Amino acid sequence: MLRIAVLASGNGSNLQAILDRIASGALDAEVGVVISNKPQARALERARSAGVPSLALDPAAYADRESYDAALVEAIRAAGAQCVVLAGYMRLLTPVFLAAFPGAVINIHPSLLPSFPGLRGAGDALDYGVRLAGCTVHFVNEEMDGGAVIVQAAVPVTPGEPLDDLKARIHAMEHRIYPQALQWLAQGRLRVEGRCVHVAPPDSGVVPAA
Ligand code: GAR
């Protein structure tokens with residue numbers, strides 16, 4: 001069974017979607033720990049409600065980004081997680097962290113990457129005037145929002161619509177595609193070739209992840 005660690009800085013609605021899919025049996029994974037850089041994050045409450053171990057690690061208690069990330073790595077390893085899922089985690093990860101989990105860190109971003117990386121993907125897309133916004137699940141590398149794409153979903157934009165409406169529709173789509181991408185990973189169906197991620201069909205005979 002795939003054991004994941006979830007890093008979240010805020011509301012944690014994507015964490016909730018993952019927990020709900022696990023509970024319903026649609027996602028063959030377990031959440032070993034939820035960690036936040038914000039002690040007040042709602043994501044931590046959601047973890048507690050689901051009976052999942054949770055941890056707040058305050059960056060102010062660490063000398064620099066590398067020592068903070070080393071503490072994160074230790075907590076994730078202690079939880080026995082094989083894969084790290086970023087769900088609204090609003091800090092850049094250092095090479096210290098990425099080297100600890102090569103090819104095993106996944107992120108969701110509220111735009112159709114490579115368009116509109118950064119902190120306000122949906123807002124930047126709306127300001128630009130795109131007709132199609134969306135969201136992207138991707139592997140994480142050292143570039144911000146830069147790793148290989150696993151799955152994307154498009155969300156039509158109504159010109160002039162309020163940002164909160166667009167964000168809500170993107171969120172609803174995120175809640176579908178993130179558990180889906182993790183289920184492919186749990187089933188051992190993802191194969192990365194350069195920037196291209198192949199998803200093997202379910203009956204391909206690929207041996208599922210242990
Ligand atoms: C999500 O929309 C996610 O795509 C975004 O933060 C939100 C977290 O929502 N992540 C980024 O912008 C990363 N660059 P949630 O806390 O309700 O899951």
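Every number for a ligand or one of its atoms is a count from 1 in the order of the listing. It should be emphasised that the depicted structure is a prediction, and the values quoted were computed from it without experimental measurement.
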Face-on cation placement of Arg77 at Phe101 ring, 6.0 Å and 45° thresholds: yes

- prompt: With the threshold set at 4.0 Å, does a side-chain nitrogen-carboxylate oxygen contact exist between Asp127 and Arg120?
  reply: yes

message: Could you report the tightest heavy-atom contact between Leu27 and Ile18, atom names first, then the distance?
response: CD2-CG2, 3.9 Å

- prompt: Ion pair present between Arg176 and Glu174, side-chain N to carboxylate O less than 4.0 angstrom?
  reply: no

Residues in salt bridge (Lys or Arg N to Asp or Glu O under 4.0 Å) contact with Arg21, at least two apart in sequence or another chain: none

- prompt: How many angstroms lie between atom CD1 of Ile150 and atom CH2 of Trp184, to the nearest 0.5 angstrom?
  reply: 8.5 Å

statement: Counting only non-hydrogen atoms and a 4.0 Å cut-off, the residues near ligand 1 are Asn11, Gly12, Ser13, Asn14, Gly88, Met90, Ile108, His109, Pro110, Gly118, Asp145, His171, Glu174

